[in-house]
Amino acid sequence: LPMSLLCFCALIVVVSLLSMEGQKLSCGAGPVHVVLEPDHPLLLECHLGASEPPLNVTWLRDGAVLSESQTIRPLPNRSLLISPSSTDGHAPAGVEGGYSCLSTSSTGALTSRALTLHLASLSRFLQDPEPQVVPVGGTARFECYVDGLPTPSVTWEKDQAPLPSPTEPLEPSRYISLPNGVLQILGVTKEDKGLYRCVAFNSARKRFSQEASLTVSPGITQRPLTVPNALISYISTFPTVFFSNSFCPAPPVIFQPPEAVSLSRGNTARFVCNSSGDPPPALRWLKNGEPVQSNARVKTQNPGVLLINQLRLDDAGYYQCIAANSLGTACATAKLSVIVREGLPSPPRHVSAIPHSSTSALLNWDPPEHNSDQIIGFSVHYQCTAGSDNMEYQFAVNNDTTELHVKELLPHTAYTFYVVAYSPMGASRPSQPVTVETLEDVPSASPQLSLLSTSPTDIRAMWLPLSSQLSRGAITRYRIDYRALEQVDHIYSVEVGGNETQVTLRDLKPNQTYQLRIVAGTRAGFSQSSEWASHHTPNLTQVLFAPTELKVRAKMHSLHVTWQPPPNHTQITGYKLSWRELDGEELPNEEKPMINERIQQIKLRKRVKHHEVTGLAPDQLYEVKVWAFNKQTEGYPAVWKGRTEKLTRDSLPPLPPISIRARANSSTSIWLRWEKPHFSNVRIINYTIRCSPAGLRNASLISYYTSSSQEIFLESLKPFTSYEIAVQSKGVDMSGPFSSTVEESTLPDRPSSPPLDMQLSVLDSYSVLVSWRPPLEPNGVILTYWILYTGNMSHPDHLWINLTHDGSVTSAEAQGLMSGTRYYFKMGACTEVGVGPYSPVKDVYTPPKKYGVYVYVKVFTLFVECMVFLRVCVQGLYYVSVVTIYLVLCSIALASLINLFNL
């Protein structure tokens, strides 16, 4: 077996002891999967290593609290007993899943790593062997497939008995039985005829496949496969397992765990956690069994650093570092104690803030009520009240100051302030927070215009709202200036409200160039104008108008695009749709945004008026264009710009599946398996599978499948074709991103079509040149071409003469033919699986052998002598009998001469 598979399989624990097996769930490393065999209960114990005994232990499955049942029973010692079978002998429902425990004490709570339980199982045969007809000396290949846990062993039987063994001790066996369910019989003989079946077994049960017959035919001998080729066939059908950066993957190991600390209130706690593994594990932090929420005081830094500023009493508890990859989890725990000393000052009082300008605010406060004489200084803390920027800023102030002019703030932005007093003993509690909003300012930039025409006499101007950083206040109005290029001194203006994002200029001249610009205004005034943008109105007789009613519904990871046909829709052939990601916000004209040049485009049929663009990032700016086309030209696009939905804690999408494994099952099918993501706050309902030939850009050929389990059998695929496959988790009302793609190729098969354009050319009376082109659907690497010919078309195939030529040639000579004979030819292409269909029969006539000049001269001389002799006979010089003989000879000579001339 490949070493990577050995390493992977070693992490699956099979509970198969005669006595009850126990597994300790802790915060350390351990197996990620356990397979329960029939009638062998499993005992789970919760050992989290807390410094004090737990007050309560809660057991969870897939993140939900477990309830007691006949199968799952908590014990008085806080362990969990799981019975893998019920009284009726059938596997109970609701046993499989990810198990973990939560231990609570007076200090806090701890959670264990998750252990996924699987019931031992053996499916019915997903692929039965098929009957084979193989000529003597050829290679027979039977194939079966069954799925199970633990991985089943597969053997083969002939006529319901074990396969025959070699007669000689050192003789290699002609029966090559491979663990992936393939049986190859090399050098087939008549004794191999019989019924073959596949036998699969594991600890769950034993199963037999349907029987398939092997018929041995005489005649054409197929070139046999050698043992190395058989082994290559086995290796190529192994499951594809993707790991990175090492030969053997490894579960996570935490080599630098966080350390327990005791700190005074107001100090900063810093936990460090470093881990290793392959694939590289992802780190996350828990506090008392719950995910740590980042905010202005609490921040996570890479790699594996947790910072907690301005410690408070409620920060105390157990902090856990969780490292996880597809092979398992590891965990380390540290306790944080917050100490409060006597004699600390009380918090500052009467904190107030007023806006001073669009970029500054004035902050005032009163000294603490208690222990104010011991104060050595103050610290002022502030951050944006809303938005994704939760960075907290801090200023130190002398003890004789109770005000601060805070500058370099953002215009029209709400800030939250609080003040902390310090004495030699430590920090006070924070003051009551106060919020203030800075004044508005004129916008620092103007929107960028997108222009299009839906008719020869109008221009639609569209723009995106400015971000809060650029608008610097509430946008109350927009002004659009426009002018004809031929009359630049005549500028016209149109104003619209601040909630508008487009305007249509009408009654313009066709086939004219216009220039447009835009300014945005707040209550503080207008921004600078954008640069002039040019647009040429279309000619009425040549244009394909833009589609109408373009609407886009934005989700977190997708855009649903709909539209209606343009006015002159009878002239179009179809639509094209493109989308691209715009990097950054709309910037000032002198700082135009960098555009992501990776534009994706698809072609759609004329009747299609909607499309779902998937695989997008949340809270990202995108541009979508839709336009019509025909054979002569492409029309004007309808354009949309906007953002996908933001990723909020309440709407987190499910994570994509992990450990995706694809294995070719046959020439037209692939078996795909995956695992649920280890950590997800969303219940996964089902999965969407995306499958397409590798490198395909035609959206209409991408197939989507749905599966409620963690596997799917993809059928009706093309033989010998590489496919790209990705899987998406779906929640109740949302879908997550697709996983990274895996690539797998279907197995080869016999060609589906014969060689093309077989041509027959006579070279001479004894040879014919046969030429052809490769088949359209080879379904594999063409190893040989078979050329069959005969003089009697009624003969069966095995009586036709067979010429075998290498698969790299496209012409060959058939030599040693008989002259003056009509021959019938047909041919087929052969892969490692077998020969495909034969081409239509064509015939050719070999010319008879031509005589030399000497024969012509002799026959002609004989004919002349006969003519002379007949003349003498007519004159009465010879007897009648002699005359008769010469008449016969002359007739023969004449017939021969006529025949020669005809040739």
Side-chain angles (χ1 to χ4, degrees), residues 1-2 4-5 8-9 123-130 132 139-149 151-154 156 176-184 198 200 209 212 225 228-243 657 659-675 687 689-696 701-705 707 709-727 739-752 777-783 830-834 836:
L1 286 175
S4 60
L5 290 178
F8 178 75
C9 296
S123 70
R124 297 183 182 275
F125 275 89
L126 304 173
Q127 180 180 357
D128 289 293
E130 298 180 354
Q132 303 285 319
T139 299
R141 189 177 191 272
F142 292 101
E143 202 173 338
C144 71
Y145 181 70
V146 66
D147 184 35
L149 279 176
T151 302
S153 300
V154 177
W156 288 85
I176 309 297
S177 181
L178 305 177
N180 67 332
V182 173
L183 173 66
Q184 291 184 335
C198 186
S209 71
L225 292 174
N229 286 341
L231 294 178
I232 291 172
S233 174
Y234 166 54
I235 294 172
S236 67
T237 59
F238 240 101
T240 304
V241 184
F242 295 88
F243 302 109
S659 300
I660 300 173
R661 305 177 298 280
R663 185 182 69 85
N665 188 64
S666 68
S667 61
T668 59
S669 61
I670 292 176
W671 194 262
L672 187 71
R673 292 180 176 84
W674 59 89
E675 296 180 12
Y687 300 91
I689 297 89
R690 184 182 69 206
C691 179
S692 65
L696 181 71
L701 296 181
I702 299 177
S703 300
Y704 292 89
Y705 307 86
S707 174
S709 62
Q710 292 168 222
E711 59 185 7
I712 191 171
F713 191 59
L714 303 176
E715 299 182 276
S716 302
L717 306 178
K718 291 185 178 181
F720 201 61
T721 302
S722 179
Y723 283 89
E724 292 178 345
I725 308 171
V727 187
S739 66
S740 57
T741 59
V742 297
E743 193 166 322
E744 177 69 351
S745 296
T746 50
L747 298 179
D749 203 347
R750 294 179 175 87
S752 302
E777 298 176 347
N779 296 341
V781 177
I782 301 298
L783 300 179
C830 184
T831 64
E832 64 176 84
V833 181

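Among all heavy-atom pairs drawn from P751 and G834, the shortest one is CD-O, 3.7 Å. The heavy-atom pair separating E143 from S666 by the smallest distance is OE2-CA, 4.4 Å. Shortest non-hydrogen contact noted between Y687 and S709 is CD1-O, 3.5 Å. In plain terms, the two heavy atoms of P719 and T668 that are nearest each other are CG-CG2, 4.2 Å. Nearest heavy-atom pair across W156 and S177 is CD1-OG, 3.4 Å.
Looking only at side-chain heavy atoms (C-beta outward), C144 and V154 come within less than 4.5 Å of each other. Here the side chains of T746 and K718 are not in contact, with every heavy-atom distance at 4.5 Å or above. Here the side chains of L126 and V146 are not in contact, with every heavy-atom distance at 4.5 Å or above. With a 4.5 Å cut-off on side-chain heavy atoms, S745 and Y723 do not count as touching. In this structure the side chain of P778 never reaches within 4.5 angstrom of the side chain of T831, judged on heavy atoms. Between E832 and L783 the shortest side-chain heavy-atom distance falls below 4.5 Å. R661 places none of its side-chain heavy atoms less than 4.5 Å from the side chain of E744. Proximity of W674 to S739: side-chain heavy atoms (C-beta onward) are nowhere separated by under 4.5 Å.
Classified by interplanar angle (parallel below 30°, tilted 30° to 60°, perpendicular above 60°), the ring pair F713/W671 is tilted.
If you take OG on S703 and CZ on R690, they are separated by 12.0 Å, rounding to the nearest 0.5 Å. In this structure, CZ in F142 is found 10.0 Å from CD in E130, a value given to the nearest 0.5 Å. Taking CD of Q132 as the reference point, atom CZ of R141 lies at 9.0 Å (rounded to 0.5 Å). Note that the CG atom of D147 and the CZ atom of R673 stand 3.5 Å from one another [nearest 0.5 Å]. With rounding to the nearest 0.5 angstrom, the CD1 atom of I670 is 8.5 Å from the CG atom of L747.
Just one residue in the list I660, T741, L714, I712 forms a side chain to side chain contact (heavy atoms under 4.5 Å, CB included) with I725, and that residue is L714.
Of the possible donor and acceptor atoms, one in the side chain of S209 sits under 3.5 Å from a partner among the backbone N and O of C198.
More than 12 heavy-atom neighbours from other residues, nucleotides or ligands sit within 6.0 angstrom of CD on E715.
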### Query
For N779 and V833, what are the C-alpha separation, side-chain angles and deciding distance, and is it a side chain to side chain contact (heavy atoms under 4.5 Å, CB included)?
CA-CA 10 Å; N779 296 341; V833 181; over 6 Å; no
